[in-house]
Student: 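Starting off with a structure, shown below.
Every number for a ligand or one of its atoms is a count from 1 in the order of the listing. Note that these values count all heavy atoms, side chains included, but never hydrogens, waters or copies made by symmetry. The first residue in the sequence is number 1, and the count goes up from there.
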Amino acid sequence: MSKSSAAEKVAVVTGGASGIGKAVAERLSKDGYRVAVFDLNPGDIPHSYAVDVTDRAQIDTALKSIHEELGPVAILVNAAGLDGFTPFLKISFEEWQKVVNVNLHGVFHVIQAVLPDMIDAGWGRIVNISSSSTHSGTPFMTHYVSAKSAVNGLTKSLALEYGPKGITVNAVPPGFIDTPMLRKAEERGNLGDIEKTIAATPVRRIGKPEDIAATCAFLISEEAGYITGQIVGVNGGRNT
Ligand code: NAP
């Protein structure tokens with residue numbers, strides 16, 4: 001398996017129906033991987049599965065179909081996510097749990113479900129999309145930043161645990177990427193003036209989902225096999 005071509009490798013991309021996950025799924029398909037998408041409403045994307053990543057039974061059912069239709073999973077990119085902007089004292093425990101459930105527990109569930117395939121193959125690649133807010137903290141996003149920071153910690157620990165099995169685990173914390181999530185936050189007035197943020201961004205532009213997809217494509221490649229447990233920032237220089 002280790003030296004097999006992209007066409008022999010199955011990649012699962014969560015959140016693959018929108019924004020960053022969609023760009024990752026499209027890039028990996030273009031690179032020749034056999035891509036399966038998990039999302040809440042994936043529509044008519046090929047090999048897509050209506051999966052809530054907080055629901056282990058749905059994940060296991062989809063994985064069974066993937067095994068039958070495509071084969072064992074070699075690559076996982078966890079991009080499903082849910083933001084939240086609420087002053088800390090106003091966050092209900094229900095809202096806290098929802099944000100942590102999707103952003104952290106979803107990552108736990110999907111990794112735990114697909115890891116046995118990678119162990120069997122002696123080769124695997126996992127990329128977790130966390131957030132640049134984990135570098136800096138962000139007011140009104142304590143639940144989100146807590147969950148995403150935990151994803152970075154999970155990434156480092158899992159990399160140490162499964163490096164000996166040929167599996168790399170890295171995180172990409174994006175910053176300020178032009179996606180439906182970001183535009184919805186802008187519409188709600190959560191982000192302030194986007195043009196001002198661009199002016200304060202060292203590379204003077206907003207990020208594109210393809211910027212994150214390109215980073216994922218590299219991290220899952222054969223030649224990135226010596227990179228593991230890393231938090232690879234892609235943020236236009238906003239966080240260094
Ligand atoms: P997006 O356009 O909203 O895409 C996220 C996708 O995840 C959506 O299709 C969403 O479905 C899906 N999803 C949400 N909850 C899910 C669940 N429980 N199970 C399965 N799928 C679920 O957002 P994005 O900006 O591309 O975000 C992708 C990842 O990057 C997220 O983890 C986000 O936290 C992270 N991120 C983004 C930015 C940025 O600047 N855009 C910055 C830092 C981190 P619905 O639309 O149907 O809810």
Side-chain angles (χ1 to χ4, degrees), residues 12-27 36-45 48-63 76-85 95 97-111 113 126-138 141 143-152 154-155 171-188 190-192 194 197-198 201 203 205-213 215-216 231-236 238-239:
V12 169
V13 181
T14 76
S18 177
I20 290 169
K22 187 174 178 204
V24 171
E26 287 171 356
R27 168 66 191 257
V37 161
F38 288 179
D39 209 303
L40 292 176
N41 301 294
D44 55 5
I45 297 171
S48 62
Y49 300 85
V51 168
D52 179 335
V53 294
T54 67
D55 186 327
R56 183 60 174 267
Q58 287 184 16
I59 294 166
D60 288 340
T61 302
L63 205 52
L76 169 64
V77 179
N78 280 305
L82 174 73
D83 64 5
F85 295 83
E95 180 182 342
Q97 281 181 309
K98 189 174 180 196
V99 170
V100 174
N101 245 339
V102 176
N103 292 298
L104 175 61
H105 299 164
V107 171
F108 162 80
H109 283 305
V110 184
I111 293 177
I126 299 172
V127 181
N128 298 318
I129 307 300
S130 58
S131 168
S132 66
S133 62
T134 62
H135 297 284
S136 54
T138 304
M141 297 190 86
H143 39 7
Y144 178 81
V145 178
S146 298
K148 292 294 194 179
S149 299
V151 168
N152 286 349
L154 179 157
T155 299
V172 175
F176 195 46
I177 309 296
D178 197 352
T179 67
M181 179 189 279
L182 180 130
R183 291 296 170 182
K184 280 181 214 156
E186 180 194 23
E187 277 164 27
R188 292 193 305 261
N190 296 133
L191 294 184
I194 282 204
T197 307
I198 290 173
T201 299
V203 304
R205 70 168 173 87
I206 194 167
K208 296 175 291 185
E210 292 75 17
D211 293 319
I212 307 303
T215 311
C216 292
I231 313 298
V232 184
V234 182
N235 52 52
R238 294 170 73 239
N239 309 89

Student: Can you sort out the partners of Asp60 under side chain to side chain contact (heavy atoms under 4.5 Å, CB included), two or more places apart, ordered by chain and number?
Tutor: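 For Asp60 the side chain to side chain contact (heavy atoms under 4.5 Å, CB included) partners, ignoring immediate neighbours, are Arg56, Ala113.
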Student: Hey, is Asp83 close enough to Lys148 for a salt bridge, meaning N to O under 4.0 Å?
Tutor: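 Lys148 and Asp83: not salt-bridged.
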Student: What residues, two or more places apart in sequence or in another chain, satisfy salt bridge (charged side-chain N to carboxylate O under 4.0 Å, His left out) together with Glu210?
Tutor: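 Per chain and number, Glu210 pairs via salt bridge (charged side-chain N to carboxylate O under 4.0 Å, His left out) with no residue.
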Student: Kindly write out the residues that satisfy salt bridge (charged side-chain N to carboxylate O under 4.0 Å, His left out) with Arg27, not counting sequence neighbours, or none if the list is empty.
Tutor: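 Testing Arg27 for salt bridge (charged side-chain N to carboxylate O under 4.0 Å, His left out), a comparison that skips the adjacent residues, returns Asp31.
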Student: Would you call Arg205 and Asp211 a salt bridge, taking side-chain N to carboxylate O under 4.0 Å as the test?
Tutor: yes
Student: Within the 4.5 Å heavy-atom criterion, are Leu82 and Asn101 side-chain neighbours or not?
Tutor: no
Student: Using a threshold of 4.0 angstrom between heavy atoms of the protein and any atom of ligand 1, which residues qualify?
Tutor: Gly15, Ser18, Gly19, Ile20, Asp39, Leu40, Asn41, Val51, Asp52, Val53, Ala79, Ala80, Gly81, Val102, Ile129, Ser130, Ser131, Tyr144, Lys148, Pro174, Phe176, Ile177, Thr179, Pro180, Met181, Leu182
